Amino acid sequence: MYLATQSRIQQAVRDFAQRQWQLDVNVLISVPPQPAMGDMALVLAMELARKLRRPPKQIAEEIAAAARLVPGVARVEVAGTGYVNIFLDRAAYASRMMATTIAKTEVSTAVPLAEKIIVEHTNINPNKAAHIGHLRNAALGDTFVRLLRARGAQVEVQNYIDNTGVQVADVVAGFLHMEKKTPEDVARLIADPTIRFDYYCWDLYARVSKIFEEDKSRLELRRRTLQEIEHGEGDTARVAEMVATEIVRYHLRTMLRLGVEYDVLPRESEILHLRFWDQAFELLKQREAIYLESEGKNAGCWVMRQKGAAETAAKEIDSADATAAGDDTKVIVRSNGTVTYVGKDIAYQLWKFGLLGRDFHYQPFHTYPDGRVLWVSSMTSGQAGAPAFGQGQKVYNVIDVRQSYLQDIVAQGLRALGYQSEADRSIHFSYEMVALSPRTCELMGIELSAEDKARPFVEVSGRKGLGIKADDLIDQLIGEARREVDSRHPDTPDEKRAEIAQKIAIGALRYFLLKFTCTSVIAFDLKDALSFDGETGPYVQYAVVRARNIFRKLSDEGGRFDLSRITPELLASSLNSPEGDSFWQLLYLCSRWEFAVEQAVATSEPAAMAKYSFQLAQAFSNFYHHHRILIEQDPDRKMFLLWLVSVLDSHLTHALDLLGIEVPAAM
RNA sequence: GCGCCUGUAGCUCAGCUGGAUAGAGCGCUAGCCUCCGAAGCUAGAGGUCGCAGGUUCGAACCCUGCCAGGCGCACCA
């Protein structure tokens with residue numbers, strides 16, 4: 001509704017500018033700072049003043065005259081130095097809102113929706129439990145997927161599993177060499193219901209890392225373990241497979257608690273064994289994107305020269321600290337013949353665009369409660385019926401900002417292969433890290449160095465075992481919510497209370513992770529995250545719950561909401577009455593949900609959607625306190641108010657759904 | 001050293017791609033439950049938008065230079 005109206009006005013003004021001044025203008029429409037000033041504002045007159053060498057106010061009058069003719073516009077005013085303020089025909093607008101039910105594919109923009117978009121997110125190394133940093137990735141990725149789907153796009157969600165990397169190797173080395181376990185021992189550990197295997201690995205990983213740190217001579221063990229895993233050999237590979245698969249199952253369970261689901265799990269082991277890399281390697285060599293280094297510290301490696309590196313290379317760098325001197329090449333294949341992450345990722349990106357000329361085999365890995373099947377890449381041709389994965393027209397890679405450099409190199413690899421446009425359509429959806437506030441560290445008994453204490457936040461480190469495990473946090477949030485629910489609803493059945501507490505906890509967590517923009521480091525503070533007041537998920541949920549309570553109470557009293565009694569005349573009289581302004585503002589804000597979606601997608605900022613939902617909840621809370629609906633004497637007015645509440649309910653529920661937040665039955 | 005990001009109220013953050021009197025939440029102060037649930041509402045105090053120049057009708061936003069902080073710059077991912 002909002003976007004359609006907006007584009008109608010844009011079109012009219014653009015046509016007018018074309019006719020009147022033979023100018024091709026971009027008509028920007030904004031919302032005036034105060035509702036009394038109008039519903040939409042044009043600043044075009046001020047922009048054109050110089051070009052037309054005429055006073056902006058005069059130009060504004062002409063634009064206003066054109067805007068007045070647009071259907072749905074009630075009146076237009078020129079204000080200030082040349083603003084064109086548009087007031088919409090409220091009743092007509094409301095009628096059209098009533099005619100359209102809010103649906104997932106309703107955003108009425110002219111974006112090409114036939115394209116298939118691939119979103120890759122989560123990508124946790126399968127060697128330990130997930131922590132809060134991973135939750136931010138998944139919450140952002142999942143919300144972005146929901147936003148894209150709301151616009152009608154076809155989206156495929158991939159969760160890349162690096163099951164052959166160093167991180168898994170470290171845990172495997174820990175099991176086999178530190179703990180002297182056999183594959184059977186590890187299998188028993190996994191089968192033991194009293195042990196959280198992912199938590200066990202969390203600790204083991206920290207221990208192994210410490211030992212490698214202390215004694216560099218043991219790094220040979222890491223190297224050997226890694227190689228055995230890559231080649232799929234013996235006990236090492238068996239244990240790696242067991243560990244990675246089991247941990248992935250834990251990760252999926254954790255993410256499902258947040259309502260996050262995936263379509264396919266492409267695994268690194270298949271990238272290697274199905275020779276994806278060999279194919280990419282051939283391409284890279286053919287196009288001379290990489291070359292075999294014969295001298296220097298990278299002798300024996302296949303390397304890629306970086307963009308603009310030639311001049312840098314020409315300069316002689318004789319500084320002592322060579323690490324700081326900046327390298328101009330990036331190793332793709334190590335001297336021992338193994339491939340680096342960048343190399344594998346180039347192959348993976350090529351596959352995503354359908355440029356590799358190869359495909360995975362697939363097997364079902366898991367069936368979600370809603371019936372959706374999650375597939376995993378596989379060596380052997382598995383079950384029939386797997387969808388056609390990959391072949392995206394656009395790819396979003398949700399990866400934290402610290403990997404920007406590597407992402408750039410991957411994109412450069414694509415360009416070096418001649419895939420310029422694919423590189424442009426492979427987007428690094430970058431976000432800042434989640435760190436811990438010093439206060440939270442203290443609360444958790446984490447000892448801080450004097451250096452760390454002076455910092456505004458402390459970086460999470462899986463390697464050091466420093467961080468908050470995702471499930472621990474969720475459990476704590478549920479506990480906190482449960483206490484509140486118990487005290488408010490002592491008579492509600494236990495099962496119901498558990499469900500309510502769970503939804504509140506998840507709502508709080510997802511909102512907390514989403515309300516910051518991507519460039520903001522979240523200095524995670526336990527107290528803030530556990531709060532259910534103010535700008536939080538529960539505040540927004542509460543608004544919907546109260547809206548629904550009105551309808552529940554209504555039917556308890558034997559009343560009935562009858563949509564057919566909302567006539568155009570009633571809408572007109574209600575919205576144009578002296579107090580109609582406040583009704584209109586609520587209604588208008590509801591209609592702008594699609595703008596929030598557009599904004600969030602265009603800027604890759606799910607936070608915009610979170611902010612919008614909070615704003616809408618706030619507007620309703622205010623409305624709620626000003627109007628006692630159920631005791632309203634005038635039956636027409638009561639119906640109108642009920643209608644407003646129902647519009648709010650559907651829109652806010654939908655907004656929350658896009659954030660992956662459910663509405664509890666009560667609060 | 002080079003690259004990217006950030007600096008807005010006491011704290012944590014928004015700020016619709018350059019527009020009108022810079023906004024929220026938390027915290028603080030003062031009110032509001034006989035009334036659809038107070039996880040709520042209302043009001044108040046609190047700002048040199050890091051600093052200095054520049055661009056223009058107009059700058060928190062764009063450009064330049066400083067200052068401060070963060071993150072990258074591996075044959076780890």
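Residue numbers start from 1 in every chain, and the chains themselves are labelled A, B, ... in the order their sequence lines are given, proteins ahead of strands. Values in this document were obtained by computation on a predicted structure and should not be read as measured data.
- Classified by its glycosidic torsion, B:rU8 falls in the anti category, the angle being over 90° from 0.
- Comparing B:rU17 with B:rC61, their C1' atoms are spaced 9 Å from each other, to the whole Å.
- Salt-bridge check for A:D634 with A:K638: failed, with every basic side-chain N at 4.0 Å or more from each acidic carboxylate O.
- You'll find that the side chain of A:L406 is closest to B:rA77, out of B:rG37, B:rA77, B:rC36.
- Nearest nucleotide to the side chain of A:F595, out of B:rC16, B:rG19, B:rA20: B:rC16.
- Residue-level contact check: A:S520 touches the backbone only, with heavy atoms under 4.0 Å from sugar-phosphate atoms and none from bases.
- Heavy atoms of A:Q618 sit under 4.0 angstrom from primed sugar atoms or phosphate atoms, though from no base atom.
- Set against B:rG19, B:rA39, B:rA77, the side chain of A:I504 has B:rA39 as its closest nucleotide.
- The same atom, C1', is picked in B:rG44 and in B:rG27; the two are 14 Å apart, to the nearest Å.
- A salt bridge links A:E484 with A:R488: the distance from a Lys NZ or Arg NE/NH1/NH2 to an Asp or Glu carboxylate oxygen falls below 4.0 Å.
- The separation of B:rC36 from B:rG40, taken at their C1' atoms, amounts to 13 Å, rounded to a whole angstrom.
- Within the 4.0 angstrom heavy-atom criterion, base atoms lie near A:T603.
- Nucleotides B:rC13 and B:rA52 have their C1' atoms positioned 27 Å apart, rounded to a whole Å.
- Here A:N622 lies in heavy-atom contact (under 4.0 Å) with sugar-phosphate atoms only.
- Base engagement by A:H627 is indicated by at least one non-hydrogen atom pair under 4.0 Å involving a base atom.
- A:Q167 comes within contact range of no nucleotide atom at all, as no heavy-atom separation falls under 4.0 Å.
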With both pairing distances under 3.5 angstrom for Watson-Crick or G-U wobble, and | for a partner in another strand, the correct string for RNA chain B is (((((((..((((.....[...)))).(((((.......))))).....(((((..]....))))))))))))....
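- Glycosidic conformation of B:rC41 is anti; the angle lies outside 90° of 0.
- When the nucleotides B:rG19, B:rC36, B:rA39 are ranked by their closest atom to the side chain of A:Y624, B:rC36 comes out on top.
- Nearest-nucleotide mapping onto RNA chain B: of A:T519 and A:Y542, the residue sitting toward the 5' end is A:T519.
- Residue A:K330 contributes atom NZ, which lies 9 Å from atom C1' of B:rC73 at whole-angstrom precision.
- Of the candidates B:rC75, B:rG72, B:rC41, B:rC75 carries the atom nearest the A:S335 side chain, counting heavy atoms from C-beta on.
- Under a 4.0 Å N-O distance rule, the pair A:E535/A:K611 qualifies as a salt bridge.
- In terms of phosphate contacts, A:N125 brings no side-chain nitrogen or oxygen within less than 4.0 Å of OP1 or OP2 of B:rA77.
- Across all strands shown, A:P32 has heavy atoms under 4.0 Å from base atoms, whether or not it also approaches the sugar-phosphate.
- Heavy-atom contacts from other residues, nucleotides or ligands closer than 6.0 Å to CD of A:E213 number 12 or fewer.
- The nearest heavy atom of RNA chain B to A:E459 and to A:V43 marks one nucleotide each, and the one closer to the 5' end goes with A:V43.
- Among the heavy atoms of the strands, none lies under 4.0 Å from A:D528.
- A straight line from CD of A:E535 to P of B:rC41 spans 12 Å, rounded to a whole angstrom.
- Centre separation under 5.5 Å together with a plane angle under 30° does not hold for the ring of A:Y539 and the six-membered base ring of B:rG40, so they are not marked as stacked.
- Aromatic pair A:Y539/A:F614: centroids less than 6.0 angstrom apart.
- Residue A:Y341 places no side-chain N or O under 4.0 Å from the OP1 or OP2 atom of B:rA77.
- Put simply, the side chain of A:R628 and the base of B:rC35 share a donor and an acceptor less than 3.5 Å apart.
- You'll find that the side chain of A:D533 is closest to B:rG40, out of B:rC13, B:rG40, B:rG19.
- Under the 4.0 Å criterion applied to side-chain N and carboxylate O atoms, A:R224 and A:E220 are not assigned as salt-bridge partners.
- Here B:rG72 presents its P atom at 13 Å from OH of A:Y405, a figure rounded to the nearest Å.
- A:R488 comes within 4.0 angstrom of a nucleotide base, judged by non-hydrogen atoms across all strands.
- Side chain of A:E120 to backbone of A:Y160: no donor-acceptor contact under 3.5 angstrom is found.
- Here A:T340 lies in heavy-atom contact (under 4.0 Å) with sugar-phosphate atoms only.
- Here A:I332 lies out of heavy-atom contact (under 4.0 Å) with every strand.
- In this structure, A:Q34 reaches the bases: a heavy-atom distance under 4.0 Å links it to at least one base atom across the strands shown.
- Separating the CG atom of A:L514 from the P atom of B:rU12 is a distance of 21 Å, rounded to the nearest angstrom.
- Closest to the A:F614 side chain, of the nucleotides B:rA77, B:rC71, B:rG25, is B:rG25.
- With hydrogens and angles ignored, the 3.5 Å screen pairs a side-chain donor or acceptor of A:H251 with a backbone N or O of A:K128.
- Nucleotides B:rU8 and B:rU48, compared at atom C1', are 12 Å apart to the nearest Å.
- Atoms CZ (A:F561) and C1' (B:rC36) sit 15 Å apart, rounded to a whole Å.
- Comparing the same atom, C1', in B:rG47 and in B:rU21 gives a spacing of 14 Å after rounding to whole Å.
- Each of B:rG25, B:rA39, B:rU56 was ranked by its minimum atom distance to the side chain of A:R50; first place goes to B:rU56.
- Each of B:rA24, B:rG70, B:rC5 was ranked by its minimum atom distance to the side chain of A:M433; first place goes to B:rG70.
- Side-chain N/O atoms of A:N298 and base N/O atoms of B:rA74 include no donor-acceptor pair closer than 3.5 Å.
- Distance, A:Q227 CD to B:rC75 C1': 12 Å, rounded to whole Å.
- Using atom P as the reference point in both B:rC16 and B:rC63, the two lie 15 Å apart (nearest Å).
- Within the 6.0 Å centre-distance limit, the rings of A:W302 and A:F281 are counted as a close aromatic pair.
- Residue contacts shown for A:S621 are limited to sugar-phosphate atoms, with no base heavy atom under 4.0 Å away.
- Note: A:H627 and A:F583 meet the aromatic proximity criterion, with ring centroids under 6.0 Å apart.
- As a whole-Å value, the separation of A:D400 CG from B:rG72 C1' is 11 Å.
- Across all strands, A:V521 comes closer than 4.0 Å only to sugar-phosphate atoms, never to a base (heavy-atom distances).
- Taking the six-membered ring wherever Trp is involved, the centroid distance between the rings of A:F457 and A:F524 does not fall below 6.0 Å.
- A distance of about 22 Å separates the P atoms of B:rC49 and B:rU56, rounded to the whole Å.
- Rounded to an integer number of Å, the gap from CZ of A:F532 to P of B:rA39 is 13 Å.
- We find that A:D525 and A:K527 are not joined by a salt bridge, their nearest charged nitrogen and carboxylate oxygen being 4.0 Å or further apart.
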